[in-house]
There are 2 protein chains.
Amino acid sequence: MSDQEPRGAAAPPGAQRPPDGGAPPADDDGTGRYTVRSVARAMRLVQIVADGPANGLTLSDLARSLGTSKSTTLALARTLAAAGMLRDAKPGPRYTLGTTVIRLGDIARGQLPLGDLSRPLLTELAEETKMTSRLAICDEGFPVFIERVDGPGSVRFHTPLGQREMPHASAAGKAILATMTEQQVRDMCAQTGLPRRTSHTITDVDSLLANLELVRSNGFAIDDEEDAEGIFCLGTAIFGHDGAVAGAVSVTGIKGDLPAWRVNELGQAVRRAADQVSHILGGPRQKDTGRTGSETA
Amino acid sequence: MSDQEPRGAAAPPGAQRPPDGGAPPADDDGTGRYTVRSVARAMRLVQIVADGPANGLTLSDLARSLGTSKSTTLALARTLAAAGMLRDAKPGPRYTLGTTVIRLGDIARGQLPLGDLSRPLLTELAEETKMTSRLAICDEGFPVFIERVDGPGSVRFHTPLGQREMPHASAAGKAILATMTEQQVRDMCAQTGLPRRTSHTITDVDSLLANLELVRSNGFAIDDEEDAEGIFCLGTAIFGHDGAVAGAVSVTGIKGDLPAWRVNELGQAVRRAADQVSHILGGPRQKDTGRTGSETA
DNA sequence: GCCTTGTGTTCGGTAGTACCGAACGCGGTT
DNA sequence: AACCGCGTTCGGTACTACCGAACACAAGGC
């Protein structure tokens, strides 16, 4: 986040370091140890373009955001453009994301066994519940949505794909957490904390653990305006062939549109869909309650 | 493809290049001039993983495919993994595509004005025609599909997104070519040639030009087993707010399922959908015949 | 059992290169 | 005209990305 370039600013021009090399490889870009700087920069460049406006950014914009000189930025951008990751629009070169990105994303979803297979099930679920239904994979404990089917005539939510969601403030996240041991849950929470998103967000571990107990007995997790005001989600976990949690299925809708008496019915529908996904994966159906088998791992 | 590393092998150690610069910066990686080598390699690495098996590749596999040492490959892979572009699976580190790729792809489609907006239209078209319907953007003359909606109960075709299709052997491609001048078409063909895909593929420019004339008078383009045996496609162009061709809409199905008398009806349906997309973009409806207006450009 | 072959990993050392800054040519606005 | 801003090119040098060898570990063969 707050990484600044140690390159041009810090080193006095005359100070030539003795060649015997007292300096270790010098932690690279703030990201980690032993990485390739120019590549890390290039990836940050892509991120910048992705976060930028839809009509693209100029080279100077990129140079400023990246904190490098224009010439360096040009070289990076050219290389990325040659690979199709970036694309320079015609009038007054503005860089946007290239088509290769789309292709890679499509391949990634296809390789992620759940990719295409779950689509029909999500479509069915979306029609049945009239809500936006999504499928998430479990990425080191975090839910990451990889597929989305909007309900018929439903409002379109801003639901980005491929992004880590907060485990404690999403239905999918809590469905996944509910399959873990208490210690694992505590470890997860230690990583990210439990940042408040709305006035309903669960912000202490003990309340979360109690909530997860409820998830286990109900068979589905609920996000009742805990992530965004007015938004209601409901999700259940799915399991892979090894019995470990593989992700979750969830539905999203406007809280006001949803009478309380429908919640249980929705929960059953989501759970039925999730079980079918688990079945495709060769995994077990969701356990009714309590133990989930992942404890021995 | 057949680029070999000029690094350690080619340059004699003592031969110090005269500083006046007789040699130009030495074409980098085979990709283009003035690019950053390590970044180009990193992107090739991602491509290799994408083209590899779904269960991933080992580091040694990557090193072999990339033609670099394991240590270099490790540094590249680590950097990419830190950015989320790659992901090392748990048992015996195997690299697969990371979730960032999915996120970027989703953003890219969202930024590509057609992204979400066209979805409902494609869904409608898919239900109406009972065929797989897709939307392509025009990338330097080439059609690149960015959205796909499978028809109800239709066979799932292998239809990768974000990939350049052959202009002469796809309905979308010919729909786009039909908006160009003869010279532009010839230039396009000169770039890629007209490789034969099936026994029905059009392989000489004059036949192609004649076919395009037919496209203009019909108002839609047909791919009658020209790209793949047994596959029938039908497409029409869409236009942006500047009046230039922006892409195409096409439907795909099994040739045998499609009686000849339905072709015209399908053409009208596709064209109606394409016109609606054009309308969303603020562009003109497709012209009935002949001139397409892009000739003056 | 040991030896072999594979894996992923770390560590020096050097040559090469990725980086910056300055200068250039353009098209726009003040 | 003079002025920014843009994208682009060109040298030169400090740095860094690269390789190769060595290491630790796991699996498979004789």
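On a predicted model such as this, the values are computed, not experimentally measured, just so you know. In what follows, chains are A, B, ... by sequence order, proteins preceding strands, each numbered from 1.
For the pair A:Ser60 and D:dG7, the criterion of a side-chain N or O lying under 4.0 Å from OP1 or OP2 is met. B:Arg37 has no side-chain polar atom (N or O) that falls below the 4.0 Å cut-off from OP1 or OP2 of D:dT16. Between B:Arg78 and the phosphate of C:dT10, there is a side-chain N or O to OP1/OP2 separation shorter than 4.0 Å.
Looking at the side chain of B:Tyr95, the nearest of the listed nucleotides C:dT7, C:dT9, D:dG7 is C:dT9. For A:Val36, whose side chain is taken as the heavy atoms from C-beta onward, the closest listed nucleotide among D:dC18, D:dT8, C:dG8 is D:dC18. Comparing D:dC18, C:dG8, D:dG7 against the side chain of B:Arg41 picks out D:dC18 as the nearest. Of the candidate nucleotides C:dT10, C:dC20, D:dA17, C:dT10 has the atom lying nearest to any side-chain atom of B:Leu74.
Remark: P of C:dT17 and CG of A:Leu76 are 16 Å apart, rounded to the nearest angstrom. As rounded to whole Å, 15 Å separates atom C1' of C:dA18 from atom CG of A:Leu45. What separates CG of B:Asp88 from P of C:dG8 is a distance of 11 Å, to the nearest Å. Straight-line distance from the CG atom of B:Leu62 to the C1' atom of C:dT9: 15 Å, rounded to whole Å. Whole-Å rounding puts the A:Arg94 CZ to D:dC6 P distance at 10 Å. Residue B:Leu57 contributes atom CG, which lies 15 Å from atom C1' of C:dG8 at whole-angstrom precision.
The backbone N or O of B:Gly52 sits less than 3.5 Å from a side-chain atom of A:Gln111, completing a donor-acceptor pair. With hydrogens and angles ignored, the 3.5 Å screen pairs a side-chain donor or acceptor of A:His168 with a backbone N or O of A:Pro195.
Nearest heavy atoms, B:Ala50 versus A:Leu104: CB-CD2, 3.6 Å.
Applying the salt bridge (Lys or Arg N to Asp or Glu O under 4.0 Å) rule to B:Asp61 yields the partners B:Arg64; only residues at least two apart in sequence or on another chain are considered.
Side chains of B:Phe239 and B:Leu281 form no contact here, defined as non-hydrogen atoms less than 4.5 Å apart. At a threshold of 4.5 Å between non-hydrogen side-chain atoms, the residues A:Arg103 and B:Val144 do not count as touching.
Taking CG of A:Leu80 as the start and CG of A:Leu62 as the end, the distance is 10.0 Å to the nearest 0.5 Å.
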Just the atom pairs and distances: protein N or O near nucleotides 20-23 of chain D's N or O, under 3.5 Å.
residue : atom : partner : partner atom : Å
D:dG20  : O6   : B:Ser71 : OG           : 2.9

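Between the side chains of A:Gln183 and A:Asp187, at least one donor-acceptor pair of N or O atoms lies under 3.5 Å. Checked by atom type, the side-chain pair A:Thr58/A:Ser60 shows no donor-acceptor distance below 3.5 Å.
In the helix from C:dT4-D:dA27 to C:dC24-D:dG7, the terminal helix axes, each the rotation mapping four pairs' C1' atoms onto the next four within five end pairs, subtend 50°, rounded to 10°.
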